[in-house]
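First comes the structure, then the notes that go with it.
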Amino acid sequence: MSKDWNKRTKLVHGGTRRSQYNEVSEAIFLTQGFVYDTAQDAEARFLNAGPDEFIYARYGNPTVAMFEERIAMLEGAEDAFATASGMAAVNGALMSLLKAGDHVVAARALFGSCLYILEDILRRYGVEVTLVDGTNLGEWESALRQDTKAVFFESMSNPTLEVIDIAGVCTLAHAVGATVVVDNVFTTPVYSRAIELGADVVVYSATKHIDGQGRALGGVVLGTQEFIRKTLEPFMKHTGGSMSPFTAWIMLKGLETIDLRVRAQAASATAVAKALVGHDALAKVIYPGLEDHAQYDLVQTQMGAGGTVLSVDLKGGQEAAFDFLNKLEICVISNNLGDAKSIATHPATTTHQRLPDEQKVELGITPGLVRISIGIEDTDDLIADFVNALG
Ligand SMILES: *Cc1c(COP(=O)(O)O)cnc(C)c1O
């Protein structure tokens, strides 16, 4: 049955629930609530709702349940909970797990909002946070303690595309009984082996490759049934970060094509990276699928491909980076990623603007760095656009 389907079949049919009309395309149940036949039925459902019984959209909804089942199948996770955004997913996963006095170890190279949750919010609530160089297993080992409750990292960091050894970190973290939470956005669900490699909880911003067409904010937390239903769900349903049914429908349709899109984007990203290597205007081309990438072997075993994002460092610093961005004709200047449209951004002045200069240096966010998310346009057109803009 559906458990044995291969990925592409799961992406198209997984989790489908049909109404009495037997519609082909998934229905959007745009309703906040559900009617009970009797007062006794309401009482029974509040006591113990079955898999096809819903109470209130903040708790769950048939369209949202379809999305959760489909992504859980793809990821190979027992269960999933869909959230209003990627940040609601990261926040929910960490806040539902932690309490004052707990210790967390996290990689230093993180998306700005993830860093805010760890450094500002968790610390304010009495959680001790240690940040390490995520690519250095020795640093993880010395930071982990017997009382470490959780570990958090992005499997591929933004925007310098360092890849973290999921299996290596999980072995160390599990030795002290810590729960491993992986933000897997840059790896994408298509190339993810996170659960198989030992991750306890996997988090996605669905805003990125899952939607893939820049329409809606969304997120998802995946893990064991025990974690999702006993730890995460009570936190999410009472704090209000659930996904809307309309968003779930967009994300379901996104999942149908994600494998085709992401593989095409990654193939194109590889071709673009290869075409730009050695260009006179560039100090560096960073792409995990290039053989000169520091973790190339790990990338091959952990993902099997380099992903859909590359970064270039222009020799001329910020002025040259801005000039390059302004000359692009196909690739747009924006800060999303994983979109069908190619998107370029200057991290130092946008996504990572908030960071002090020394932290930017530490994270490799140089004035000349431009992050490029490759879309599904024609590869030759994209290469011509980048080469032309480099001058
Ligand atoms: C975008 C992103 C997020 C946040 O997702 P939103 O949907 O924008 O809330 C979290 N982590 C990573 C790595 C991201 O790229």
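In each ligand, atom 1 is the first atom listed, and ligand 1 is the first ligand listed.
A donor-acceptor contact closer than 3.5 angstrom is absent between the side chains of Ser373 and Lys341. Between the side chains of Asp200 and Thr179, no donor-acceptor pair is found at a separation under 3.5 Å. Under the 3.5 Å distance criterion, with hydrogens and angles disregarded, a donor-acceptor pair is assigned to the side chains of Glu75 and Ser192. Counted by atom type alone, Thr350 and Thr345 present one or more donor-acceptor pairs between their side chains at under 3.5 Å.
For Lys7 and Tyr191, the positive end is not near the middle of the six-membered ring at less than 6.0 Å and at most 45° from its axis.
Against a heavy-atom cut-off of under 4.0 Å, Ser85 is close to the following atoms of ligand 1: 7 (O), 9 (O). Ligand-side atoms of ligand 1 in range of Glu154: 13 (C), range being under 4.0 angstrom from any heavy atom. For ligand 1 and Gly86, the ligand atoms under 4.0 Å from any heavy atom of the residue are 5 (O), 6 (P), 7 (O), 9 (O). Residue contact check: Gly218 has heavy atoms under 4.0 Å from atoms 7 (O) of ligand 1. Each of the atoms 6 (P), 7 (O) of ligand 1 lies under 4.0 Å from some heavy atom of Thr207. Close approach of ligand 1 to Phe186 is summarised as follows: ligand atoms under 4.0 Å from at least one heavy atom of the residue are 15 (O).
Here the two rings, on Trp140 and Phe153, have centers that are under 6.0 Å apart. Here Phe322 and His346 bring their ring centres to under 6.0 angstrom of each other.
With a 4.0 Å heavy-atom cut-off, ligand 1 is reached by the backbone of Met87 and by its side chain too.
Counting protein heavy atoms only, atom 8 (O) of ligand 1 is closest to Leu217 CD2, 4.0 Å. Distance from atom 2 (C) of ligand 1 to its nearest protein heavy atom, with residue and atom name: Lys208 NZ, 2.4 Å. In this structure, atom 12 (C) of ligand 1 lies nearest to the protein heavy atom Asp183 OD2, 3.4 Å.
By the 4.0 Å heavy-atom criterion, Ala89 is excluded from the residues contacting ligand 1.
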- Could you go through the side-chain contact (heavy atoms from CB on, under 4.5 Å) check for Glu226 and Glu78 one step at a time? CA-CA 9 Å; Glu226 167 93 9; Glu78 282 177 20; 5.9 Å; no

